[in-house]
Protein chains: 2
Amino acid sequence: MEAKKQLHSTFSIDCVIFGFDGERIKVLLIERGEEPYKNFIAVPGDLVEENEDLEPAANRILKSLTGLEDIFMEQLYTFGKVDRHPLGRIITVAYYALVNIDTFNPKASSFARKIDWWAIDELPELAFDHNAILAKAIERLRWMANMQPIGLELLPEKFTLSQLRRLYEAILGIELDKRNFRRKITKMDFLIPLDEKQINVAHKAARYYSFNKEKYAQLKEEGKAF
Amino acid sequence: MEAKKQLHSTFSIDCVIFGFDGERIKVLLIERGEEPYKNFIAVPGDLVEENEDLEPAANRILKSLTGLEDIFMEQLYTFGKVDRHPLGRIITVAYYALVNIDTFNPKASSFARKIDWWAIDELPELAFDHNAILAKAIERLRWMANMQPIGLELLPEKFTLSQLRRLYEAILGIELDKRNFRRKITKMDFLIPLDEKQINVAHKAARYYSFNKEKYAQLKEEGKAF
DNA sequence: GCAAAAGTGTTGGTTGTACACCCATGA
DNA sequence: TCATGGGTGTACAACCAACACTTTTGC
């Protein structure tokens, strides 16, 4: 088979893109417009070009779907089972990215017929081994949230402490005590309280915060937080 | 060039094998017998065969050098810079393994002229991007030691608490308080004190311990320890 | 008897956790 | 005035870090 020959021993990138809608962690998935797995939902990905490094390939995919650049993205894991792709031996290097869900509208692209946000606890059956890829990505996200500050990439510029708490709760899948959370997170000193409050809310208006990016980056380096 | 064509767009495994000699963390490196980088020191690795999954490939390499099977091994990271290999586009999936240094003698193999243990703080300049691979592996090892029990794979069946402490010190690159270490590690409950002590030592004989493997595995799952 | 490593407790500070009420706002 | 989520303090337990001396053994 021609396609089979051409695809023999090559590799692709898959890109798990996480967002947070204020309540749940979501992931951006496409509906495949082509065989194999036509019409299946899948993690967006593409073959890596001959002269393309891996990170740029991952960024290319991210940009083609979201228009976003310079986004947090990190290598996740490489999946290489011999039979994972029906057209030949294709190993895939999975990346994951964190994006602010409000800053763009996903757009279909060459390899995607439809594109949508899916809550990570209501995933359909996916193409290829993509359920395994997503499981690994979610596990990594949880791990990260335990070890480092998280949120800069997932929240808007200004956010309330409750939003941040709900983010942690959504990632970790547990409830957090409001008072203890506030104490802990404010003591870590990477939040800047703003002189600005919510308006038009039917309750006491919450203060907005933003991230101190230097401090945030520094804590991320060190690991250990949370 | 024929070789270039044949190697176009394929992938390899590299296998960082850590051991502990009682004092320092060491890593098993080969001297390459072939071009490219002939005579350079390198992390052992090989191309992945057409019908070979990644883990089996990593195990094959480990076994050919050490004779060992069923050893702790985990995927580390995938390195895929376009120009990382002079003969073509070869991305490499790095694994790392932990072995007990006393249970075997490394043996040269098809791809290795010489093979030796190197202390991780006295590494030479390595072939390809292998210094970066090792740096990542050491970083991962440190991270692991902070989050999980470690040692089962690196120590002999029976060991003293001082040996275990020196292992942690070697990995983390810091000194640990003897009393606090004992308290902490024994409270975690994955050690079994044996009715056996050192003999022929010019000081008070230390008790031997062994690992409770179920408990150890369970704590490893959970993460969080240490 | 001396050198070398084993083994052992206490204290003070810090951190984590559980828990309940009043406040500001829009409807 | 009611419903909603914002904001606040305390007490107890667990954990962490610092620290020095006695014991056993071979030489």
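Within every chain, numbering begins at 1; the chains are lettered A, B, ... in the order of the sequence lines, protein sequences first and strands thereafter. This one's a predicted model, so the numbers in the text were calculated from it and none came from an experiment.
Residues meeting the side chain to side chain donor-acceptor pair (under 3.5 Å) test with Asn39(A), sequence neighbours left out: Arg113(A). Applying the side chain to side chain donor-acceptor pair (under 3.5 Å) criterion to Gln198(B), with sequence neighbours excluded, gives no partner residue. Take Ser12(B) and apply the side chain to side chain contact (heavy atoms under 4.5 Å, CB included) test, not counting sequence neighbours, and it matches Asp14(B), Leu47(B), Ile90(B), Thr92(B). Under the side chain to side chain donor-acceptor pair (under 3.5 Å) criterion, Thr66(A) pairs with no residue at all, not counting sequence neighbours. For the side chain to side chain contact (heavy atoms under 4.5 Å, CB included) test, residues two or more places apart in sequence or in another chain that qualify with Asp116(A) are Trp118(A). Annotation: side chain to side chain contact (heavy atoms under 4.5 Å, CB included) contacts of Ala217(B) (sequence neighbours excluded): none. Partners of Lys114(B) under the salt bridge (Lys or Arg N to Asp or Glu O under 4.0 Å) rule, at least two apart in sequence or in another chain, are Glu31(B). The side chain to side chain contact (heavy atoms under 4.5 Å, CB included) search around Asn180(A) returns Asp177(A), Arg183(A), not counting sequence neighbours.
For DNA chain D, the outermost nucleotides in 5' to 3' order that have an atom under 4.0 Å from a heavy atom of chain A are dA3(D) to dT10(D).
Taking the charged nitrogens against the carboxylate oxygens, Asp189(A) and Lys215(A) do have a contact shorter than 4.0 Å, which makes a salt bridge.
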Report all interatomic pairs (protein N or O, nucleotide N or O of nucleotides 10-17 of chain C) with separations under 3.5 Å.
| residue | atom | partner | partner atom | Å |
| --- | --- | --- | --- | --- |
| dT10(C) | O4 | Arg183(B) | NH2 | 3.4 |

Every protein N/O lying under 3.5 Å from an N/O of nucleotides 2-7 of chain C:
| residue | atom | partner | partner atom | Å |
| --- | --- | --- | --- | --- |
| dA6(C) | OP1 | Ser162(B) | OG | 2.5 |
| dA6(C) | OP2 | Ser162(B) | OG | 2.8 |
| dA6(C) | N7 | Lys178(B) | NZ | 3.2 |
| dG7(C) | OP1 | Arg207(B) | N | 2.9 |
| dG7(C) | OP2 | Arg182(B) | NH1 | 3.3 |
| dG7(C) | OP2 | Arg182(B) | NH2 | 3.0 |
| dG7(C) | O5' | Arg182(B) | NH2 | 3.3 |
| dG7(C) | N7 | Lys178(B) | NZ | 2.9 |
| dG7(C) | O6 | Lys178(B) | NZ | 3.0 |

List, one per line, each side-chain donor-acceptor pair under 3.5 Å for residues 151-160 of chain B, sequence neighbours excluded.
| residue | atom | partner | partner atom | Å |
| --- | --- | --- | --- | --- |
| Glu153(B) | OE1 | Tyr216(B) | OH | 3.3 |
| Lys158(B) | NZ | Glu196(B) | OE1 | 3.0 |
| Lys158(B) | NZ | Glu196(B) | OE2 | 3.3 |
| Thr160(B) | OG1 | Ser162(B) | N | 3.4 |
| Thr160(B) | OG1 | Gln163(B) | N | 3.1 |

